Amino acid sequence: MLIRRQKAIRACRLAARLVSLGVVVATLLAVAGLAPPVAAAQPQAAAPRIVSIGGAVTEILFALGMGVRVVAVDQTSRYPAAARGLPDVGYARALSPEGVLSVGPTLILAMEGAGPPSTMEVLKQASVPVVIIPDGHDREAVLRKIAAVAKAVGAEEKGRALAAEVSDDFAALDAMVKALPERPRAVFVLSASGGAAVVGGSDTSADAILKLAGLTNAMAEIKGFKPALDEAAMSAEPEAVVVMRGGGQVLDAATVFALPAFAGTPAARDKRFVALPGSYLLGFGPRTPRAARDLAAALHPGAKLPELPARPWSAEPDQ
């Protein structure tokens, strides 16, 4: 027992000497300027405060998991529900620089066409980065939007995963549409006031969604969104009318089919009328294949089109 105690004491004394020696060596190295550098604590970059302008931009940000970084949106950002609870900086084409900058953003993502130009110029000259997301109304355009938004927020890997899912949805939609037996003639009605209907002609988001859904735009000879002459609308003989709902838009079948332009059309006779949420129908974001599929199913009731695969970013019901 005594021998073990003596050995333990000697071991403790040896350890103490080694510790002392280490302190001395460290001190000498420090004095000589040879001590290993101590890594300075790196301040963490502040999380971005994003203002999102454009419904598709906002949908993509939330689909990428960046919704928590969004501090304000424009009036076209209606999905998901969390976006509707954020501060509103105004209509995308009628923004004021004061309204956008008042929420203290560190990054502004704006869909191409946001404005007016004077506001965008002021924002670009401010100390806040402004990224313009290219617009467009087809499969390639939607994928470009996803890539641009993902790059702007440093989420390229998530962007590629989201783009792959959306691309698969477009492929499934394309297969469904190709199997449809007919291409009904449809007209998109944007608004109706004073007895005149504003319809979607060629080179519009309305024209693009009709084509994606396997429909023929009965007003394709008109370019842009323009009032339809009664005679032109009647002679186009639309078999269905498509409108937006939500966001303050109030257009029902009775109102539309009472207009002289549509009263005598096959659409009025058969009461073929489809209303879908505006941002869903014309937003051209990640959910566009689903909107086109729903429109196709509504106007091809006998086709029994299958649902597209469930996605976490599209599971929430639209307003």
Side-chain angles (χ1 to χ4, degrees), residues 52-68 70 72-88 91-92 109 111 133 135-139 141-143 145-146 149 162-163 165-166 168-170 172-173 176-177 186 188-191 200 204-215 240-253 256 272-301 305-319:
S52 178
I53 301 169
V57 176
T58 302
E59 284 195 32
I60 293 168
L61 284 169
F62 275 85
L64 293 173
M66 296 296 292
V68 293
V70 179
V73 297
D74 75 308
Q75 290 177 0
T76 68
S77 297
R78 307 296 301 163
Y79 188 91
R84 299 195 294 274
L86 292 170
D88 177 357
Y91 178 58
L109 300 187
M111 184 62 69
I133 306 301
D135 201 3
H137 306 120
D138 56 22
R139 173 188 176 279
V142 173
L143 299 181
K145 293 176 193 179
I146 294 171
V149 172
L162 175 60
E165 291 180 334
V166 174
D168 288 345
D169 288 349
F170 270 111
L173 170 69
M176 292 181 205
V177 169
F188 174 83
V189 179
L190 178 66
S191 62
T204 63
S205 54
D207 182 64
I209 198 68
L210 292 177
K211 289 177 180 176
L212 279 175
L215 305 170
V241 170
V242 180
V243 303
M244 298 185 297
R245 63 173 170 81
Q249 184 78 0
V250 182
L251 270 181
D252 57 21
V256 172
R272 297 182 79 185
F273 182 88
V274 179
L276 291 173
S279 61
Y280 183 53
L281 185 66
L282 301 184
F284 279 83
R287 298 181 301 148
T288 291
R290 297 166 188 278
R293 179 261 164 214
D294 289 353
L295 180 56
L299 294 179
H300 296 89
L305 300 182
E307 297 284 347
L308 290 174
R311 309 289 189 196
W313 39 264
S314 67
E316 184 179 306
D318 213 314
Q319 188 184 35

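Everything numeric in this text was worked out from a predicted model, so none of it was measured.
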Quiz prompt | Residue pair A296 / L305: nearest heavy atoms and the distance that separates them | solution = CB-CD1, 3.7 Å
Quiz item: Do R311 and D168 come within less than 4.5 Å of each other through their side chains, counting heavy atoms only?
Solution: yes
Quiz item: Looking at CE of M111 and CG of D135, how far apart are the two atoms once the value is rounded to the nearest 0.5 Å?
Solution: 5.0 Å
Quiz prompt | Verdict with reasoning, L210 to L295, per side-chain contact (heavy atoms from CB on, under 4.5 Å) | solution = CA-CA 8 Å; L210 292 177; L295 180 56; 4.1 Å; yes
Self-check item: Exercise: identify the closest heavy-atom pair between D74 and G54
Solution: OD1-N, 2.8 Å
Quiz item: Mind checking whether V177 and L212 have side chains closer than 4.5 Å, heavy atoms only?
Solution: no
Quiz item: If we only count heavy atoms from C-beta on, is the D207 to F188 side-chain gap below 4.5 Å?
Solution: no
Exercise. Kindly compute the distance separating OG1 (T204) from NE2 (H137), expressed to the nearest 0.5 Å.
Key: 8.0 Å
Self-check item: Side-chain heavy-atom pair S279, T76 within 4.5 angstrom cut-off
Solution: no
Practice problem: Measure from the side-chain N and O atoms of Y280 to the backbone N and O of A291, and report whether any donor-acceptor pair falls under 3.5 Å. | Solution: yes
Quiz item: How about L86 and T58: do any of their side-chain heavy atoms sit closer than 4.5 Å?
Solution: no
Quiz item: Nearest 0.5 Å, what's the CD1-CG distance between I146 and L64?
Solution: 7.5 Å
Quiz item: Side chains of F284 and I209: closer than 4.5 Å at any heavy-atom pair?
Solution: yes
Quiz item: Quick one: does R287's side chain get under 4.5 Å of V142's, heavy atoms only?
Solution: no
Quiz prompt | Interatomic distance, Q75 atom CD to I53 atom CD1 [nearest 0.5 angstrom] | solution = 11.5 Å
Quiz prompt | Distance in Å, Y79 OH paired with E59 CD, rounded so as to fall on 0.5 Å steps | solution = 7.0 Å
Quiz prompt | Taking every non-hydrogen atom, the tightest pair across S52 and S77 | solution = O-OG, 4.1 Å
Quiz item: Does the side chain of R290 reach to within under 4.5 Å of the side chain of S314, using non-hydrogen atoms?
Solution: yes
Practice problem: Report the C-alpha separation of I60 and W313 in whole Å, then their side-chain angles, then the decisive distance to 0.1 Å, and conclude whether the side-chain contact (heavy atoms from CB on, under 4.5 Å) test is met. | Solution: CA-CA 9 Å; I60 293 168; W313 39 264; over 6 Å; no
Practice problem: Examine distances only and state if a side-chain atom of K145 and a backbone atom of G136 form a donor-acceptor pair shorter than 3.5 Å. | Solution: yes
Exercise. Taking all non-hydrogen atoms of both residues into account, name the closest pair between G285 and A56 and its distance.
Key: CA-CB, 3.9 Å
Self-check item: D252 and R245 ion-paired at < 4.0 Å
Solution: no
Quiz prompt | Contact summary for V73 and A83, nearest pair of heavy atoms | solution = CG2-O, 3.5 Å
Exercise. Looking only at non-hydrogen atoms, find the nearest pair between D169 and L308 and report the distance.
Key: O-CD2, 3.9 Å
